[in-house]
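Whatever order the structure lists ligands and atoms in, that order sets their numbers, starting from 1. Residue numbers start at 1 and run along the sequence shown.
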Amino acid sequence: MVRHTATSVVTIDRFIIDQESRQPKASGELSGILYDLVVAAKMISNKVRSAGLADIIGAAGTENIQGEVQQKLDLFANDTIVKAMDHGGRLCAMASEEEADIIPIPQGFKHGKYLLLFDPLDGSSNIDVNVPVGTIFSVLKKEGEPGPGTTRDMLQAGHRQVAAGYVIYGSSTMMVYTTGQGAHGFTLDPSIGEFLLSHPNIKTPEHGRYLSVNDAYEQHWEEPVRALMRRYRGLDGKRDAMNVRYVGSMVSDFHRNLLGGGLFAYPANAKNPLGKLRLMYECNPLAFICEQAGGAATDGTQRILDVQPTELHQRTPVFIGSRGDVAIAQEMLAR
Ligand code: AHG
Ligand code: MN
Ligand code: MN
């Protein structure tokens, strides 16, 4: 086993190989998917970094499947991931938050055994105001016969993910990923174009400082959710008040809370009975990482990773972060 100390320079490629070598049965295909995602992440990062300079800010004038205005960078990120991933021979289908149907592997290319699901640009409404955005991905394995992947192949509970991760285009670009052997963070060194291991084996605090929720929806929440938020704010006298931080870009809010401790919540409300966030593109991958870091994620009644999806673009309420803080949500919402 290779040991990585805080002082050794470890590229993400090197780290991926080291982790693969700990899995005697690994074929190298999953590592190949991660390498290709790293390339896509660098390309998107480069574009995001020049967003204020190039003429790419603003809406593209089209709407995605959820009827939201697509930003030009959404489309760029989507296409970049598809083009980086569709010809490697390791995937049998992809699905994107930005596309109604699954994305098949083009004719002429080999089908692999893995499925890739992604949110190409999370928090894209923040691009115009220079607030960090991100990319989220989830990798599943197709069961059964080899060949083209189907929507049905993708409808697996999150605990079956074989890898998941996100990239945050913040004050620096970081990638955090897991293959079930801990959650590890890498920071892009722009001078050499490499992601370097900066946050090995991330562990999130048991209880946290930060509460991230859009409380403009308070009037539309059910009473148990209102009571829960009063608890987090220390208003019922049963715990110290958390600090509220909400950027409106789930990757950014999640990342801050993962490192600093706390809870991100997007509850159901009367206008959105299942909340807003997508189970398979946003909640499952972040829940996998959060659990690997010692945290937890629930929809209020069950563990996010145990939710059996019935639709690709399914939404779910989510409470994710420090284990002790998520436990309070579970307890107060289950009653
Ligand atoms: P996306 O840009 O991929 O559509 O995601 C936006 C999401 C998420 O990133 C964020 O936490 C949430 O929408 C914010 O929603 P509200 O404005 O309703 O709070
Ligand atoms: Mn998103
Ligand atoms: Mn998005």
Examine distances only and state if a side-chain atom of [X] and a backbone atom of [Y] form a donor-acceptor pair shorter than 3.5 Å.
| X | Y | value |
| --- | --- | --- |
| Asp153 | Thr150 | yes |
| Lys110 | Gly88 | no |
| Arg278 | His313 | no |
| Gln19 | Ile16 | no |
| Tyr232 | Asp325 | yes |
| Lys42 | Ser45 | no |

Could you establish whether [X] and ligand 1 come within less than 4.0 Å of each other, counting only heavy atoms on the residue side?
| X | answer |
| --- | --- |
| Arg278 | yes |
| Asp74 | no |
| Tyr217 | yes |
| Leu121 | yes |

Residue [X] vicinity, atoms of ligand 1 by number, heavy atom under 4.0 Å:
| X | result |
| --- | --- |
| Asp119 | 3 (O) |
| Leu277 | 7 (C), 8 (C) |
| Asn214 | 16 (P), 17 (O), 18 (O), 19 (O) |
| Glu282 | 3 (O), 5 (O) |
| Ser124 | 2 (O) |

So that I can check it, does any N, O or S atom in [X] come closer than 2.8 Å to the Mn ion (ligand 3)?
| X | answer |
| --- | --- |
| Leu121 | yes |
| Asp119 | yes |
| Glu97 | yes |

One thing to verify: whether Lys141 and Glu29 come together as a salt bridge, which I'm taking to mean a side-chain N less than 4.0 angstrom from a carboxylate O.
no

If you check every N/O/S atom of Asp122, which is the one nearest the Mn ion (ligand 2)?
OD1

Restricting to N, O or S atoms, which atom of Glu282 is closest to the Mn ion (ligand 2)?
OE2

Between Phe264 and ligand 1, which residue portion shows a heavy-atom distance shorter than 4.0 Å: side chain, backbone, both, or neither?
side chain

Measure centre to centre between the rings of Phe195 and Phe15, then say whether the value is under 6.0 Å.
no

State yes or no: are the ring centers of Tyr166 and Phe137 separated by less than 6.0 Å?
no

Determine, step by step, whether Arg230 and Glu223 satisfy the salt bridge (charged side-chain N to carboxylate O under 4.0 Å, His left out) criterion, reporting the C-alpha distance in whole Å, the side-chain angles of both residues, the deciding distance to 0.1 Å, and the verdict.
CA-CA 11 Å; Arg230 283 199 296 273; Glu223 186 46 38; 2.9 Å; yes

As a check for students: among Glu97, Met250, Glu98, identify the option with a heavy atom nearest to atom 9 (O) of ligand 1.
Met250

[X] N/O under 3.5 Å from ligand 1 N/O:
| X | value |
| --- | --- |
| Tyr246 | yes |
| Asp253 | no |
| Gly123 | yes |

Distance-only side-chain donor-acceptor flag, Asp122 / Thr135, under 3.5 Å
no

Heavy atoms of Leu197 and Gly185 approach each other most closely as CD1-O, 3.6 Å

